[in-house]
There are 2 protein chains.
Amino acid sequence: MATIRDVARAAGVSIATVSRVFNDHTLVNPETASRVLEIATKLDYWPNGAAQSLTTRRTQTLGVMLPELFGEFYSEVIRGIDRQSRAHDYQILLSSSHSNGEEVLIAGRAMLGRIDGLIMMAPDEASIETVERVRRRVPVVLLNPRIEVEGCCSVAFENFSGARAAVTHLIGLGHRDIAIITGPPGNVDAEERLRGFRRALADAGMDPDAAAVIPGDFRESAGYEAGVALLARKPRPTAVFAANDGMAVGLLAALAAAGKRVPRDIAVVGFDDIAMAAYLNPPLTTVSVDACGLGHRAVDLMMGAIESGPTGGSLRQQLPAVLVVRQSCGSATAGTGLLEQTAGSSGGTVRRGRK
Amino acid sequence: MATIRDVARAAGVSIATVSRVFNDHTLVNPETASRVLEIATKLDYWPNGAAQSLTTRRTQTLGVMLPELFGEFYSEVIRGIDRQSRAHDYQILLSSSHSNGEEVLIAGRAMLGRIDGLIMMAPDEASIETVERVRRRVPVVLLNPRIEVEGCCSVAFENFSGARAAVTHLIGLGHRDIAIITGPPGNVDAEERLRGFRRALADAGMDPDAAAVIPGDFRESAGYEAGVALLARKPRPTAVFAANDGMAVGLLAALAAAGKRVPRDIAVVGFDDIAMAAYLNPPLTTVSVDACGLGHRAVDLMMGAIESGPTGGSLRQQLPAVLVVRQSCGSATAGTGLLEQTAGSSGGTVRRGRK
DNA sequence: GCCAAGTATGAAACCGTTTACATCGGGAGC
DNA sequence: GCTCCCGATGTAAACGGTTTCATACTTGGC
């Protein structure tokens, strides 16, 4: 394939001139420029990206590392990152499905020299080493970090207050025996949501330790199994808070299979507000987080960090988690699930209806 | 940051030796190796990816270009690509949301030198130029190509036969006045599905030109509007084939808002089988395509192409589109939408129930 | 007619690796 | 004791660009 030298030779100029034409840097004689461009087209010359980033130390690429790519949530995060990156003329180098620190380290190493910054959702503490090493070279933005890292920006959802609001809502509806299906152990989001659940109970003068805690792993199947387990329990809880919507879906299926009616027999609340939540039967009351917005915000922080260089401070941002009341919790004022019914009431943290 | 030279100097060896240690290429004295490794760790040395790929002409990265990143379908494709790439130790360089040929060209140019191959779903014919130019340098695999390109592998869904099966099923249920909500003009998938729709009618001795064709664009809102338009029509079609599930969702919402019952008043069939399809009210009969599998297959083809070099032939693969009968079409044998009911009947192209 | 300023271009260093080839000891074979 | 071979390592040339600095040639002002 043609290199800059081939073009220079064919056009009878030096490679410096060709480079200048392509970066329209300094003034180049228009005649020379057009001749070079013409030759370049004829030779099908395209600058080599690796060579460019080697000299300029710029790649116009953002690294993105995610723990795993299943579930709608992560897709949305990627969408948000992608969209905002494009707006800033950046491409994204994606590497996901990392289950342990070792894999993260390898992926991080492979990215080095190819990225101007790294947006990362770390699955576990073992990844912190990678973060530290990468951070010495390019800015790092953490998503929902388990541990804040000195010198890294981060964006996180208000998991705690979102969960608390959801459970408080159930309590307000009269429920006194509320169970929770948790996320995988060690997952920050899961832990924060559990903490919010317990706080809500405590705030209402109930004993958090008395509540049924069913272990889950954020997958639909875990929700189903949890549902089966719950039904065998006596006394049976009157409401369940599933730590994410995926498990709520499985739970609803288990309840339907057992002939239980939601919310009459048992109330259900989820977390995430995935696209199908409004279309479930009954429409799912859940806590809405803007996954796409998380990615968007992460890119914004990254752009700031890249601008300001390694001296940039470590901003911490929180994104709201908003309770969306639909029908699965039995609220009298719930939306229909098919028609928009946004209410401006309840202190601004509760929405009703479809979106 | 430390370079290979720093390590070499500190360890009292040449850069060649350091390089050899890191690529455990040729025999290196174990003692020397461990000393180099130790120094490298102390200096926090990581090889620079850009420099490596400049000399080796390998990047361990696959370019991925998609027209736009909205909707579950594309997320699934990316998931499939990502998973399979990781299995082969490749990362992916993502660039999406390209709406025109110009943007595609720029993105392609930015990728050059950073990728070992390109997986691309081209939005329009204007992108063909980019494909051609990229193809001269690295292998290209096309997804659902509008036009096959000489020397490129491709993977596509059987849009045509999938749509035909869906409409034939409606006809088998007794429907004689069937409408279609189409995808955006110029979209291959949309066109193929329309073609399948017309063929099914023709096969049944009906006049394709007499059918109602409502223009859509694959978005939920278009489905809603199409629903409104359909309800105003007289005589009103007894069944509707929406060219994708997103529009079917909107259509169901419009019908519900008008108090129509599905499938009693009107039957609905979609295309894609997105995750929420089974949870809609009623569960949506649709044509299932394995978007994740599409990405997976594309990577497999790419690996073959990279192995065999530019001489590699141009394989064309078709992935099946399978009709999944649920309740929205009014079939007597439909699944419940919540319990798995896979039937092995009907020539193997029809499944029933949830998945 | 000379100097300063400005424009267009070239020469060469550099970015951080890999790798072909050269070099250098030392032990084996005879 | 002389080759020959081999293992360990160094030298230096790529890879394909960008960029600093130098140079040659025009102009314009006085």
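Chain identifiers are assigned alphabetically (A, B, ...) following the order of the sequence lines, protein sequences preceding nucleic acid strands; residue numbering begins at 1 within each chain. Since we're looking at a predicted model, the values are computed, not measured.
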Within the 4.0 Å heavy-atom criterion, would you say [X] contacts the bases, only the backbone, or no part of the nucleic acid?
X	value
B/T32	sugar-phosphate
B/Y45	sugar-phosphate
B/G12	sugar-phosphate
A/V18	nothing

(request) Salt-bridge test for B/D44 and A/R137: reply yes if a basic N is under 4.0 Å from a carboxylate O, no otherwise. (result) yes
(message) Between B/R79 and B/E76, does any side-chain N to carboxylate O distance fall below 4.0 Å?
(response) yes
Is there a side-chain contact between [X] and the phosphate of [N], meaning an N or O under 4.0 Å from OP1 or OP2?
X	N	result
B/R5	C/dC15	no
A/S19	D/dT18	yes
B/T55	C/dG16	no
A/N23	D/dT18	yes
A/Q52	D/dT18	yes
B/S14	D/dT11	no
A/T17	C/dG10	yes

(request) Report yes or no: do B/D300 and B/Q84 form a side-chain donor-acceptor pair below 3.5 Å? (result) yes
Between [atom2] of [N] and [atom1] of [X], the distance in whole Å:
X	N	atom1	atom2	answer
B/L112	D/dC15	CG	C1'	15 Å
A/R20	C/dA8	CZ	P	11 Å
A/D6	D/dA14	CG	C1'	15 Å
A/L54	D/dT19	CG	P	12 Å
A/R9	C/dG10	CZ	C1'	16 Å
A/N48	C/dG16	CG	P	17 Å
B/F22	C/dG16	CZ	P	15 Å
B/I15	D/dA13	CD1	P	12 Å

(message) To the closest 0.5 Å, what do you measure between CD1 (A/I81) and CG (A/L94)?
(response)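 The CD1 atom of A/I81 sits 8.0 Å away from the CG atom of A/L94.
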(request) Hey, could you give me the CD1/SG distance between B/I119 and B/C153, rounded to the nearest 0.5 Å? (result) 10.5 Å
(message) Of the options D/dT9, C/dT18, D/dG17, whose atoms approach the side-chain atoms of B/I4 most closely?
(response)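 Among D/dT9, C/dT18, D/dG17, the one nearest the side chain of B/I4 is C/dT18.
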(request) Between B/N29 and B/R57, name the one whose nearest nucleotide on DNA chain D is closer to the 5' end. (result) B/N29
(message) Show, in sequence, the C-alpha distance, side-chain angles and deciding distance for A/F73 and A/F218, and conclude whether the ring pair (Phe, Tyr, Trp, His ring centres under 6.0 Å) test is met.
(response) CA-CA 11 Å; A/F73 183 80; A/F218 279 166; 8.9 Å; no
